[in-house]
Novice: 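Shown below is the structure under consideration.
By convention in this document, chain letters (A, B, ...) are assigned in the order of the sequence lines, proteins followed by strands, and residues within each chain are numbered from 1. A quick note: this is a predicted structure, and the numbers were derived from the prediction, not measured.
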Protein chains: 2
Amino acid sequence: MSSSKILLVDDDEDILDLLEYNLSKEGYIVKTAINGKKAIEVANDFLPDLIIMDVMMPEMDGIEACSEIRKNKLLANTIITFLTARGEDYSQIAGYDAGADDYITKPIKPKVLFSKIKGLLRRGSVEAQLVEETASMRIDREKYIVVQRDTEISLPKKEFELLALLMSKPDNVFTREKIFASVWGDDIVVGDRTIDVHIRKLREKIGDDYIKTVKGVGYKFVDIED
Amino acid sequence: MSSSKILLVDDDEDILDLLEYNLSKEGYIVKTAINGKKAIEVANDFLPDLIIMDVMMPEMDGIEACSEIRKNKLLANTIITFLTARGEDYSQIAGYDAGADDYITKPIKPKVLFSKIKGLLRRGSVEAQLVEETASMRIDREKYIVVQRDTEISLPKKEFELLALLMSKPDNVFTREKIFASVWGDDIVVGDRTIDVHIRKLREKIGDDYIKTVKGVGYKFVDIED
DNA sequence: TTTAATATTAACTCAATGTTAACCCACTAT
DNA sequence: ATAGTGGGTTAACATTGAGTTAATATTAAA
């Protein structure tokens, strides 16, 4: 992937400058907006991969802006993350309703922020989806469980992420490279058999037929409707 | 890769000259067109890797031209980028529908443009056609299947690539050399019968009549419409 | 008719994937 | 500290089937 585009939205210019400076230095393409209204304009133009937005802002608050942004189909894959003070439970809920993908709490610790950003961009919006569903299987990211015909199956993290990725586009083949990039991350290197073993464990738990091997290409999730 | 070919389309000759001069200096092969109609002519001939096109033009606007260009399968891998003034939301949406890959906003900052061009060309067109389609057959690269009158056929890698190649230009004869170069790669050497066997297996699976032998020349895909 | 080009079949090879168990490490409870 | 637990990874070996080849038959062009 070329360098990712990030849009920062906050009414505090100092915070904007600070974050912009640091994120640019990290190699991201950064734009800023001072309020929700501006954010929408910039977002439509800039088509960022990630939007980090303060919840509380003058003119138009983050939640409203988020709803607006979600209306633009070109921004369907954009990840929206809210900045929020600790303990603002209510706004968090409303934020999720409006289509937010994650939260970062103030005060911001740069290290935390950067690792979070990396994580978000890596998994790349695709499986940012909180609930993935096919005819006979549902995967719930919030609860971290898989429900298969009323049977709840709990999976360890990697298996969960792997299944979530495959389910994000049923019938689509995911190459090993893509799986590695998405579930493990581009930087970290693991042996070639690792992925097979995870596939094996998944098949053991949800049944062999759900995951199909396309030799020389990759793996795909296929739904079984009985 | 040899030096990339870029087609610039804008109704403002000054901009064309400026960009052409600078891009040529960077080592790109550049051609220009003054409107959408000319752009299509040049594109069909020149087969550029990248087209940078103003949205607003006399004669035929960028979006219409883009749609036309997308119809030429030889230009399937060509990246089309629009030049647009800030905040033209509507045109952006329409542009993506028409098959645009990216946007560059005016006013143009040369540095931004160059880095963007580099990025686009690097990620490079590699994103081959995902779906190839004729009247009675559709080949889906994402799912790695062939659909023939509602019947799904899954093929192993080489057979799939071979069929995809032949289908990319129905009725066109592909020489053995071209097939080897495209499906196997220029370096790797395999015996001469290998290709026949793959053709055989394909015919077995999709029916004999779809692939015709032109003795002494090569093979071609012909559609069957019943 | 002659012959080079292609078709066909089956056997073979090897790379890709499957499988199993052991190992490492972080985390937890004792 | 110590032992226990479980996720994640690795290593060694087994299996599979895609891809190739070889041997023989058939075809179509000159």
Side-chain angles (χ1 to χ4, degrees), chain A residues 115 119 122-123 141 144-146 153-166 173-222, chain B residues 141 144-146 153-166 173-222:
Chain A
S115 74
R122 166 155 35 83
R123 91 177 42 139
R141 183 161 230 103
Y144 236 81
I145 54 163
V146 178
I153 304 172
S154 65
L155 298 173
K157 197 171 164 189
K158 283 281 191 300
E159 286 167 44
F160 185 90
E161 296 295 346
L162 175 52
L163 179 59
L165 176 66
L166 296 179
V173 179
F174 290 84
T175 64
R176 279 158 180 272
E177 290 73 50
K178 281 193 179 164
I179 293 172
F180 277 132
S182 180
V183 178
W184 274 264
D186 276 319
D187 38 353
I188 168 168
V189 181
V190 290
D192 219 17
R193 293 278 67 66
T194 300
I195 204 169
D196 307 21
V197 175
H198 283 278
I199 292 283
R200 169 99 221 311
K201 288 177 179 167
L202 264 181
R203 296 217 252 231
E204 219 165 46
K205 287 169 187 168
I206 66 172
D208 282 357
D209 300 336
Y210 280 99
I211 299 173
K212 206 180 154 192
T213 304
V214 183
K215 212 168 180 174
V217 186
Y219 296 93
K220 64 159 91 170
F221 177 93
V222 291
Chain B
R141 183 162 231 100
Y144 236 82
I145 53 165
V146 178
I153 304 172
S154 62
L155 298 174
K157 199 172 165 186
K158 284 280 191 304
E159 287 168 42
F160 186 91
E161 297 296 344
L162 175 53
L163 179 59
L165 176 66
L166 297 179
V173 181
F174 289 85
T175 65
R176 280 157 181 274
E177 289 72 49
K178 280 193 178 167
I179 292 172
F180 277 132
S182 177
V183 178
W184 274 263
D186 275 321
D187 38 352
I188 168 169
V189 182
V190 290
D192 219 18
R193 294 279 66 68
T194 300
I195 204 168
D196 308 22
V197 174
H198 282 280
I199 292 283
R200 167 101 221 313
K201 288 177 179 167
L202 265 180
R203 283 174 172 159
E204 218 165 48
K205 287 169 187 169
I206 66 173
D208 284 356
D209 300 335
Y210 280 99
I211 299 172
K212 207 180 156 192
T213 304
V214 184
K215 207 165 180 174
V217 187
Y219 296 93
K220 65 157 94 167
F221 177 92
V222 292

Novice: It should be established whether B:Trp184 places a side-chain nitrogen or oxygen under 4.0 Å from OP1 or OP2 of nucleotide D:dT20.
Specialist: yes
Novice: Compare side-chain N and O positions of A:Thr194 against OP1 and OP2 of D:dT10 and report whether any pair is under 4.0 Å apart.
Specialist: yes
Novice: Measure the CD1-CG distance between B:Ile211 and B:Leu162 for me, rounded to the nearest 0.5 Å.
Specialist: 6.0 Å
Novice: From B:Ile195 CD1 over to B:Ile179 CD1, what is the distance, rounded to the nearest 0.5 angstrom?
Specialist: 4.0 Å
Novice: Check step by step if side chain to side chain contact (heavy atoms under 4.5 Å, CB included) holds for A:Val190 and A:Phe180.
Specialist: CA-CA 9 Å; A:Val190 290; A:Phe180 277 132; 3.4 Å; yes
Novice: Nearest-Å distance, CG (A:Asp192) to C1' (C:dT17)?
Specialist: 9 Å
Novice: Do A:Asp192 and A:Arg176 have side chains that approach each other closer than 4.5 Å (heavy atoms only, starting at C-beta)?
Specialist: yes
Novice: If you measure from CG on B:Leu202 to CZ on B:Phe221, what distance do you get to the nearest 0.5 Å?
Specialist: 10.0 Å
Novice: Evaluate the criterion salt bridge (Lys or Arg N to Asp or Glu O under 4.0 Å) for residue pair B:Arg200 and B:Glu159; output intermediate values, then yes/no.
Specialist: CA-CA 10 Å; B:Arg200 167 101 221 313; B:Glu159 287 168 42; over 6 Å; no
Novice: For A:Arg203, which residues count as a side chain to side chain donor-acceptor pair (under 3.5 Å) partner, sequence neighbours excluded?
Specialist: A:Thr213
Novice: Look up atom CZ in A:Phe160 and atom CD1 in A:Ile153, then write down how far apart they are to the nearest 0.5 Å.
Specialist: 11.5 Å
Novice: Would the number of heavy atoms belonging to other residues, nucleotides or ligands and lying under 6.0 Å from NZ of B:Lys205 be above 12?
Specialist: yes
Novice: Mind calculating the distance between CD1 (A:Ile179) and P (D:dT9) to the nearest angstrom?
Specialist: 14 Å
Novice: What integer distance in Å separates B:Ile195:CD1 from C:dT8:P?
Specialist: 15 Å
Novice: State, to the nearest 10°, the angle formed by the axis through the first five base pairs of the helix from C:dT1-D:dA30 to C:dT30-D:dA1 and the axis through its last five.
Specialist: 30°
Novice: Using the 3.5 Å cut-off, write out each protein N or O paired with an N or O of nucleotides 19-23 of chain C and the distance between them.
Specialist:
residue	atom	partner	partner atom	Å
C:dT19	OP2	A:Arg200	NE	3.4
C:dT20	OP2	A:Arg200	NH2	3.3

Novice: Output the rounded distance in Å from CD1 (B:Ile199) to C1' (C:dA5).
Specialist: 14 Å
Novice: Testing the basics here: between A:Glu161 and A:Tyr144, what is the closest heavy-atom pair and its distance to 0.1 Å?
Specialist: OE2-OH, 3.2 Å
Novice: What is the separation between atom CD on B:Glu161 and atom P on D:dT20, rounded to the nearest whole Å?
Specialist: 13 Å
Novice: Roughly how far apart are B:Leu163 CG and B:Tyr210 OH, rounded to 0.5 Å?
Specialist: 10.5 Å
Novice: Specify the residues of residues 211-220 of chain A, ordered by number, for which at least one heavy atom lies under 4.0 angstrom from an atom of DNA chain C.
Specialist: A:Thr213, A:Lys215, A:Gly216, A:Tyr219
Novice: Is the distance from OP1 or OP2 of D:dT9 to the nearest side-chain N or O of A:His198 less than 4.0 Å?
Specialist: yes
Novice: Hey, could you give me the CG/NZ distance between B:Leu165 and B:Lys178, rounded to the nearest 0.5 Å?
Specialist: 9.5 Å
Novice: Report yes if a side-chain nitrogen or oxygen of B:Arg176 is closer than 4.0 Å to either non-bridging phosphate oxygen (OP1 or OP2) of C:dA5; otherwise report no.
Specialist: no
Novice: Rounded to whole angstroms, how far apart are NZ on B:Lys157 and P on C:dA16?
Specialist: 8 Å
Novice: Could you tell me how far apart A:Leu162 (CG) and D:dG7 (P) are, to the nearest whole angstrom?
Specialist: 15 Å
Novice: If you count the non-hydrogen atoms of other residues, nucleotides and ligands that lie under 6.0 Å from NZ in B:Lys157, is the total more than 12?
Specialist: no
Novice: Mind checking what makes salt bridge (charged side-chain N to carboxylate O under 4.0 Å, His left out) contact with A:Asp208, not counting sequence neighbours?
Specialist: none
Novice: Measure NZ/B:Lys158 against P/C:dA16 and give the value in whole Å, please.
Specialist: 10 Å
Novice: Check nucleotides 25-27 of chain C against the protein and report each pair of N or O atoms closer than 3.5 Å, with its distance, or say if there are none.
Specialist:
none

